[in-house]
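Numbers restart at 1 for each chain; the letters A, B, ... are given by sequence-line order, proteins then strands. Basis for what follows: all heavy atoms, side chains included, without hydrogens, waters or symmetry-related copies.
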There are 2 protein chains.
Amino acid sequence: MYSLSEENYLKAIYHLEQQATAEVSTNAIAERMQTKASSVTDMIKKLADKDLLTYKKYKGVSLTDSGTRTALRIIRKHRLWEVFLVEKLQFKWHQVHDLAEQLEHIQSQELVNRLDDFLGNPQYDPHGDPIPDSEGNIKRRDKKLLGQLEANQSATCIGVKSASDDFLKYLSKNNIGIGSKLNVQEAEPFTGALTVKVGETTLFLTKEIANNIYVTLIKS
Amino acid sequence: MYSLSEENYLKAIYHLEQQATAEVSTNAIAERMQTKASSVTDMIKKLADKDLLTYKKYKGVSLTDSGTRTALRIIRKHRLWEVFLVEKLQFKWHQVHDLAEQLEHIQSQELVNRLDDFLGNPQYDPHGDPIPDSEGNIKRRDKKLLGQLEANQSATCIGVKSASDDFLKYLSKNNIGIGSKLNVQEAEPFTGALTVKVGETTLFLTKEIANNIYVTLIKS
DNA sequence: ATATATTTTTAGACTTGTCTAAATTATAGC
DNA sequence: GCTATAATTTAGACAAGTCTAAAAATATAT
């Protein structure tokens with residue numbers, strides 16, 4: 001359907017659109033794709049011709065419905081393959097991204113849907129990001145860094161920001177994993193450190209650690 | 001490591017080498033790759049530069065050790081993915097080839113080896129072809145068409161040549177599948193039809209059917 | 001043994017996706 | 001509102017992989 005490059009651009013632009021408020025700029029795309037702005041200009045012209053995005057010279061781009069649908073199909077594949085790699089092949093969270101970048105380009109609706117079933121129709125990937133369904137519907141949830149919480153707030157761990165081996169070991173040693181419920185007891189305003197209750201034990205987390213853990217708030 | 005095209009050429013040349021006795025010709029490669037002879041010439045020059053094959057103008061090519069090893073790595077991936085698709089995702093034999101053509105190009109030794117373990121280190125793919133191990137060792141076995149057997153020979157079904165839906169249905173209706181033991185009772189010389197015993201039942205198979213079933217002889 | 005047919009290679013062109021360098025447009029400071 | 005700077009686009013080039021058409025080498029037939 002679309003070339004490898006086209007798919008990568010669509011995905012990058014989709015992610016940038018999620019963060020940004022306005023149109024996505026040429027430079028932003030270039031930086032994310034590790035390429036030159038002139039290459040981006042060439043490519044977005046092609047994508048505009050195919051009605052995957054709207055583009056006004058010097059004014060940035062935004063995906064059309066068709067472009068968004070296509071991006072979500074790729075993201076669905078990426079995240080399902082990540083689940084497969086972690087759940088079935090015992091890879092660690094942080095090892096799967098580059099592999100999924102390759103696997104996401106395999107062309108076959110049938111394959112993705114069977115994979116989805118084989119994995120038990122997971123809702124979230126190993127990083128805690130939601131997996132779009134085959135219609136392109138995606139559950140958005142408020143993803144925050146643990147470090148952004150205040151005292152007395154509760155949250156569920158849904159992933160980590162950057163996952164070094166050491167950091168993952170640290171987490172498992174302290175019984176923190178995806179799905180763990182975390183209660184913030186105290187938030188030290190000056191250092192940004194947190195006192196957090198995990199199950200029955202109370203932990204002291206530095207700002208660096210707290211800002212490397214993604215959570216979603218539990219309403220109280 | 002190598003480009004998608006390079007990998008496909010290596011695989012095609014490997015398969016042609018298995019059949020042919022002498023060097024593989026430019027035209028043979030072109031036909032198998034569904035491309036033009038001039039394109040083949042261009043590519044084999046590149047592969048020769050990379051020491052993946054030896055090439056003398058107008059004299060055809062043959063893979064070097066390095067080329068063979070590389071081809072076997074790709075074939076290993078292809079066949080393991082086929083097993084995955086059939087065993088885990090419930091695809092039928094004949095649906096998996098095109099998908100495996102895509103999946104075989106995923107780059108990661110780690111992934112292949114984990115997939116191998118996940119699948120229980122299978123020896124053969126769903127078409128009955130042997131799967132090279134991670135060192136590139138491949139068990140060769142005598143693959144014949146059922147139609148080539150003579151009266152009183154016994155063989156194990158290891159695959160089919162071309163698998164239409166109808167044909168696969170025909171087989172399963174008659175309890176023939178991979179691993180089925182087949183005894184040739186009679187071989188009609190003129191029409192090429194066979195009388196075959198499968199378990200307790202005796203079947204009459206036309207030449208067309210018999211020449212679409214791969215078997216390996218059982219020594220008696 | 002030589003003419004003819006076939007195979008293979010070369011030459012030159014095209015597409016995709018990238019780049020550098022130069023030109024153009026937008027933006028921010030004053 | 002003008003000017004300096006930053007962002008973006010254009011122009012032209014390049015590499016990979018393919019193609020067509022023509023030339024060269026090899027194989028075949030009588």
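Considering only heavy atoms from C-beta on, B:K161 stays 4.5 Å or farther from B:H127 through its side chain. Counting heavy atoms from C-beta outward, B:Q107 and B:K77 have side chains that approach closer than 4.5 Å.
The nearest whole Å value for the distance from the CG atom in A:N27 to the P atom in D:dA6 is 12 Å. The distance from atom CG of A:D42 to atom P of D:dT8 is 15 Å, rounded to the nearest whole Å. The CD1-C1' distance, from B:I44 to C:dT10, rounds to 13 Å in whole Å. In this structure, A:E31 atom CD and D:dT8 atom C1' are separated by 16 Å, rounded to whole Å. In this structure, the CG atom of A:L47 is 13 Å from the P atom of C:dT16, given to the nearest Å. Summarising the geometry, the separation between CD on B:E23 and P on C:dT8 is reported as 12 Å, rounded to the nearest angstrom. Atom NZ of B:K45 is separated from atom C1' of C:dT9 by 7 Å (rounded to the nearest Å). When the P atom of C:dT8 is taken as reference, atom CE of B:M43 falls 18 Å away, rounded to whole Å.
Taking 4.0 angstrom as the limit, B:T35 places a side-chain polar atom (N or O) nearer than this to OP1 or OP2 of D:dC19. In terms of phosphate contacts, B:S5 brings a side-chain nitrogen or oxygen within less than 4.0 Å of OP1 or OP2 of D:dT18. Residue B:K57 places at least one side-chain N or O under 4.0 Å from the OP1 or OP2 atom of C:dT10. Contact check, B:Y55 against C:dT9: a side-chain N or O comes under 4.0 Å of OP1 or OP2. For the OP1/OP2 pair of C:dT18 and a distance below 4.0 Å, the side-chain nitrogens and oxygens of A:Y9 include at least one atom meeting the criterion.
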Between the protein and nucleotides 20-22 of chain D, which nitrogen or oxygen pairs are less than 3.5 angstrom apart?
residue, atom, partner, partner atom, Å
D:dT20, O4, B:S38, OG, 3.0

Please lay out, stage by stage, how B:R76 and B:N113 fare under the test side chain to side chain donor-acceptor pair (under 3.5 Å).
CA-CA 10 Å; B:R76 170 173 161 79; B:N113 293 336; 2.9 Å; yes
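The side chain of A:K59 has C:dA26 as its nearest neighbour among D:dT18, C:dT9, C:dA26. Checked against D:dT9, D:dT26, C:dA26, the side chain of B:Y58 finds its nearest nucleotide in D:dT26.
Here the options are A:L99, A:I131, A:V96, A:L103, the test is side-chain contact (heavy atoms from CB on, under 4.5 Å), and the partner is A:E82; only A:V96 passes. Exactly one of A:D116, A:D125, A:D133 qualifies for a salt bridge (Lys or Arg N to Asp or Glu O under 4.0 Å) with A:R79. That residue is A:D125.
Ion pairing of B:D129 with B:K143 is present here, as a side-chain N (NZ or NE/NH1/NH2) and a carboxylate O approach within less than 4.0 Å.
Nucleic acid contact for B:T26: sugar-phosphate only, since backbone atoms but no base atoms lie under 4.0 Å from a heavy atom of the residue.
In the model, A:Q148 has no side-chain atom that pairs as donor or acceptor with a side-chain atom of A:Q153 under 3.5 Å.
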